[in-house]
Amino acid sequence: MPAEDRAARVRALLESVRAAGRTALTAPEGRVIAEAYGIAVPDEELAADVDQAVAAAARIGGPVVLKIVSPDILHKTEAGGVVVGVEGAAGVRAAFHRIVANARAYDAGARVTGVQVQELLPAGREVIVGAVTDPAFGKVVAFGLGGVLVEVLRDVTFRLAPVSADEALSMLGSVRSAEVLRGVRGQAGVDRRAVAELIRRVSELVADFPEIGEVDLNPVIATDRGAVAADIRVILAERPQPARRTYTREEILASMRRLMQPRAVAVIGASQEPGKIGNSVMRNLLDGGFAGEIHPVNPRAGDILGRKAYPSIADVPGEVDVAVFAVPARSVAAALEEAGRKGVPNAVLIPSGFAETGEHALQAEIVAIAERHGVRLLGPNIYGYYSTWQDLCATFCTPYDVKGPVALTSQSGGIGMAILGFARTTRTGVSAIVGLGNKADLDEDDLLTWFGEDPHTQCVAMHLEDLKDGRAFVAAARATVPKKPVVVLKAGRTAAGARAAGSHTGALAGDDAVYDDILRQAGVIRAPGLNDMLEYARALPVLPTPRGDNVVIITGAGGSGVLLSDAVTDNGLSLMEIPPDLDEAFRRFIPPFGAAGNPVDITGGEPPSTYEATIRLGLADPRVHALVLGYWHTVVTPPAAFAELTARVVAEFRERGVAKPVVASLAGDVEVEEACRYLFERGVVAYPYTTEMPVAVLGAKYRWARAAGLLGGGP
């Protein structure tokens, strides 16, 4: 069917359903859409009475399925409105009367259009193909196993709609039960391309018609000869919300440049009184060494901390790039109006008392003022932000001035302070630490757009509780990931997913699995916890990019070797199969009671020379792409000796152009802590008392390298 005719036919149908005051399409209406989009469905016919049902069953032939057709009954099985395997005229009559009676008992007021008589499909693998409007990402296509049990099994994967043919095919390999689709125990596999094409067509449908809220093809009977949707359910969305204001990439970069690299900052609500937020912000700006202009604004002060104070931002001479607000929430709107009239492009709103406390109208008011004047808002309800390469500390919290390659953001103030403490303890150099709070305007995609271009930033790590515009974030991530890693800690993994919905797919809207799959689709590294996010952010800029998949473990302790091997597998990495010549080369350096292979176990009693020789061998062989070292504290090879030799050998090879990722797990007394610090500072990612973290970091580096197209395979 030509695209124009298809669109006109579906549009007319949807408009008629909406005009009738309905949101759910009946099965015959769903068939119209299926035919328009080339979605295979069984032969079927709508019977208004029992005689028509008997005639339809005779025409179709063989066993049939009878299903109630009612715009008021969405879940037919729950209502007892489905009978499978009906044969003969008497069987059809009995089944017809039974399901109509069941429907009346289920909902006495339900409108019954008739009974659908449908061809009984041959046995096959039951899968579900659907689409849903996710709160963060909009139209999302879903695929899973389980048919009606999908909400129990939750073996489902998601992608942004529309999907390409290749993306659709990748979904079949992303479910936990992927092997079942390929065929097990003598059973034939399914026609994977037919299922993928079904997914692609559904994704095209919902992309073409945003007013469709949910689509369920459930079950789809997949065999080695094709895939047919036994049932199609389509539900219209509620009236769409007004679209949020969007900005071009150039507009985002222009405003973010003035926010992160300002020449002049005004503090509205600056105070002379210690303990006040306005005083803390002023002190941090001054003590931090910010070289630009700092203008305190306070109508009741002549000067503050040695700087001339102005009664209003309108009185501040010259241009102001950033206005930091340290006034009560009720005073923000009026001051923001003045800042907007002056042409200030960025407002950093520290005060709380907005949407997070139920004051939605107050937050909407400041958003409207900002949009009217072209002011971008950071916050409200934040601790402020740090831009270390500008010596800018625009926050009421403790200062931080260690410059480095990591940009860190958080939606929560408490998490922001945890980030600050971690950075200080580990001496992690940062390019920025930014609070987002309520995200009334500026959000993760704005920051990611900036950090993606910022030459001082080599890794971006973000704590978030939600995404206002998931598609904008994905677009920003896809533009950034080829250049640098993006690590996300998504809070609320267990809070979503259970809600009333018109379809099985719809019940999964907002599910954490949607975030998981789509962030992976965007190439983002998802951290399982706060410490993981911070460690990934600290370590990823240190590690060179791997050039292949072969990982070799060299360990002084057999027990550590086993745990490190488990960690390699858990993180999706590949233990190299050591070829005979390399195995023989390793054996020259280890005692007879050691073990070659992989892990290479040199045993704990070996001197530093054995560690050095085997590490050299691993770095020198081009077939080895990454090293995982397991050290065991002994008097023969003390921690400091191990750290010195490892750092020295790694540096020597890097000077020769051989840069492989090397991570280390150190087990021993407290001296291993200083050894780890020594190694980290010299480009070897090392951790005491854990075999899991160094390998997890290596796994994160590999995931980024794949997503960035630097290794084979997908994200």
Side-chain angles (χ1 to χ4, degrees), residues 245-268 281 284-285 288-295 313 316-325 336 339-340 342-350 367 370-371 373-379 382-395 400-401 403-410 429-437 439-462 468-469 472-473 475-484 486:
R245 180 171 177 176
T246 59
Y247 298 86
T248 66
R249 180 177 180 82
E250 291 70 27
E251 288 171 331
I252 292 171
L253 290 173
S255 63
M256 288 297 302
R257 184 171 292 107
R258 294 185 70 179
L259 177 69
M260 303 305 294
Q261 299 175 350
R263 292 166 296 180
V265 176
V267 181
I268 298 175
V281 174
N284 278 337
L285 286 169
F290 177 59
E293 299 174 7
I294 303 171
H295 302 295
I313 195 169
V316 174
E319 291 187 346
V320 174
D321 298 294
V322 178
V324 181
F325 283 65
L336 184 60
K342 183 173 175 61
V344 178
N346 295 288
V348 177
L349 306 181
I350 290 176
V367 170
E371 289 188 353
H373 292 290
V375 183
R376 299 303 308 270
L377 304 178
L378 182 62
I382 63 171
Y383 49 85
Y385 76 111
Y386 304 77
S387 185
T388 59
W389 290 95
Q390 307 302 312
D391 296 316
L392 177 70
C393 181
T395 171
Y400 189 73
D401 60 359
K403 300 176 178 67
V406 180
L408 298 155
T409 77
S410 68
V430 302
S431 60
I433 302 175
V434 183
L436 280 166
K439 298 193 291 192
D441 176 21
L442 283 167
D443 59 11
E444 286 86 3
D445 51 89
D446 295 290
L447 296 181
L448 194 51
T449 299
W450 167 256
F451 291 133
E453 299 297 328
D454 177 26
H456 295 301
T457 300
Q458 296 176 25
C459 179
V460 185
M462 298 179 144
K468 288 194 309 181
D469 187 340
F473 179 83
R478 284 174 167 165
T480 302
V481 165
K483 296 175 285 189
K484 58 195 74 173
V486 178

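In what follows, every heavy atom counts, from backbone to side chain, and hydrogens, waters and symmetry copies are set aside.
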Any [X] side-chain heavy atom under 4.5 Å of [Y] side chain:
X    : Y    : result
L436 : M462 : no
M260 : H456 : no
M256 : L442 : yes
L259 : R376 : no

* Asked: Are E453 and K483 within salt-bridge range, i.e. N to O under 4.0 Å?
  -> yes

* Taking 4.0 angstrom as the limit, do D391 and K403 come out as a salt bridge? -> yes

* To the nearest 0.5 Å, how far apart are OG1 in T395 and OH in Y400? -> 14.5 Å

* Straight-line distance of Y383 OH to I350 CD1, nearest 0.5 Å -> 11.0 Å

* Within 6.0 Å of CD in E251, more than 12 heavy atoms from elsewhere -> yes

* Asked: Is there a donor-acceptor pair under 3.5 Å between the side chain of K468 and the backbone N or O of K439?
  -> yes

* To do: State, to 0.1 Å, how close T449 and A476 come at their nearest heavy-atom pair, and which atoms those are.
  => OG1-CB, 3.8 Å

* Structure fact -> Contacts of P262 meeting side chain to side chain contact (heavy atoms under 4.5 Å, CB included) (sequence neighbours excluded), chain-then-number -> V265, F290, D321, V322, Y385, L392

* For A370, what residues pass the side chain to side chain contact (heavy atoms under 4.5 Å, CB included) criterion, not counting sequence neighbours? -> L336, V375, L377

